[in-house]
Amino acid sequence: MFRQSLSVAKAQLARGYATAVPSTKAPIALFGIDGKYATALFQAAAKTDALAAVESDLNNIEQHLTKNARLEEVLSSPLLNKAAKEQLIDSMGKKSEITTHFFKTLVENNRVKETRPIIAAYRSLMEAQRGIVSVTVTSANRLAGKDLKDVKDSLTKGGLIKNYKEVNVVNKVNPSILGGMVVEFGDYTIDMSVSSRLAKLEKLLTDSISV
């Protein structure tokens, strides 16, 4: 069933999952606020060959936020003025010029609360740049290693993921999907969950009754 569903998904997905792309172009397309900011940061860093330096800066900032949950809460507070937020960010260690200017922009645009999602998005860009594709498989119960390998083989041999050096498949458990699975990689989502099918069936019945 999974392979059949992937065949349908492949026909619907016209865009390939691109990895290591030369120049300053982002290796994959990311959307949402976090994706747009992360992409802008990636492109700015690529222009000055500072991708690794910015990545190190972001990892350091993330470590500070993880160690001190209160720090993240204060940075996200609308009650703290912009100057104070910049001082807090400066206190998280020395950073590259690009990272420093980037966080000043986040403060100015009141987007500091998006810091963690932006860091995660930048990490996805760096992984794609290195040819690493991260695939998240959400299931109602923990999947066996063989099942995850089948997903990986179907995505790679089926051509949905291209130009990769490594594919990392991570299994997340969410009982609310009831059964089946949801596969996510890049900006693609292949929803084969039972809950999704039930929702579609319910909508179909509702639409039929309302006619």
Side-chain angles (χ1 to χ4, degrees), residues 1-21 26-39 42 55 58-59 62 65-66 113-210:
M1 183 191 77
F2 176 71
R3 294 182 185 276
Q4 182 179 8
S5 299
L6 271 182
S7 297
V8 175
K10 182 180 177 182
Q12 295 174 339
L13 298 177
R15 294 168 296 168
Y17 188 99
T19 57
V21 178
I28 54 175
L30 298 180
F31 304 97
I33 296 298
D34 54 329
K36 290 179 181 178
Y37 273 91
T39 299
F42 180 94
E55 182 180 32
L58 296 181
N59 287 339
E62 187 176 47
L65 296 178
T66 299
K113 62 182 179 181
E114 306 291 341
T115 294
R116 277 191 184 274
I118 290 172
I119 292 175
Y122 188 89
R123 185 172 293 126
S124 295
L125 291 170
M126 290 299 293
E127 287 181 348
Q129 181 77 358
R130 293 171 177 137
I132 301 172
V133 180
S134 293
V135 178
T136 301
V137 181
T138 303
S139 54
N141 299 294
R142 184 69 58 185
L143 295 176
K146 181 182 181 303
D147 294 327
L148 295 178
K149 184 178 183 302
D150 286 344
V151 172
K152 179 178 178 179
D153 289 345
S154 295
L155 291 172
T156 54
K157 295 177 181 178
L160 284 177
I161 294 179
K162 303 176 182 178
N163 304 322
Y164 63 91
K165 293 179 181 177
E166 181 182 344
V167 177
N168 291 331
V169 181
V170 177
N171 185 201
K172 290 186 177 181
V173 176
N174 181 2
S176 68
I177 72 171
L178 304 179
M181 64 181 70
V182 178
V183 181
E184 299 171 280
F185 58 100
D187 59 331
Y188 300 144
T189 298
I190 304 173
D191 191 344
M192 297 172 287
S193 64
V194 172
S195 61
S196 174
R197 286 181 233 153
L198 289 175
K200 291 176 182 177
L201 177 60
E202 182 179 356
K203 184 178 185 304
L204 178 63
L205 291 173
T206 302
D207 290 345
S208 297
I209 294 173
S210 62

Next item on the list: Kindly indicate whether the side chain of Val182, heavy atoms from C-beta on, has any atom under 4.5 Å from the side chain of Asn174.
Entry: no

Item checked: Arg197 (side chain) donor-acceptor with Met192 (main chain) under 3.5 angstrom -> yes

Note to self: Within the 3.5 Å criterion, strictly below it, is a donor on Asp191 or Ser193 matched to an acceptor on the partner's side chain?
What the structure shows: yes

Item checked: Polar contact flag, side-chain donor to acceptor under 3.5 angstrom, Glu184-Thr136 -> no

Check: Would Lys152 and Glu166 pass as an ion pair if we require N to O under 4.0 Å?
Finding: no

Checklist line | Contact summary for Ala140 and Gly179, nearest pair of heavy atoms | finding: CB-N, 3.9 Å

Note to self: If you define the side chain from C-beta out and look only at heavy atoms, does anything of Leu143 sit under 4.5 Å from Lys149?
What the structure shows: no

Note to self: Within the 4.5 Å heavy-atom criterion, are Ile132 and Asn168 side-chain neighbours or not?
What the structure shows: yes

Checklist line | Close side-chain approach of Ile177 to Val194, heavy-atom, < 4.5 Å | finding: no

Notebook entry, point to check: Are Leu125 and Gln129 close enough that some pair of their side-chain heavy atoms sits under 4.5 Å apart?
Noted result: no

Notebook entry, point to check: Do the side chain of Thr66 and the main chain of Glu62 share a donor and acceptor less than 3.5 angstrom apart?
Noted result: yes

Margin query: For Val173 versus Asn141, what's the shortest heavy-atom pair and its separation?
Written below: CG2-C, 4.1 Å

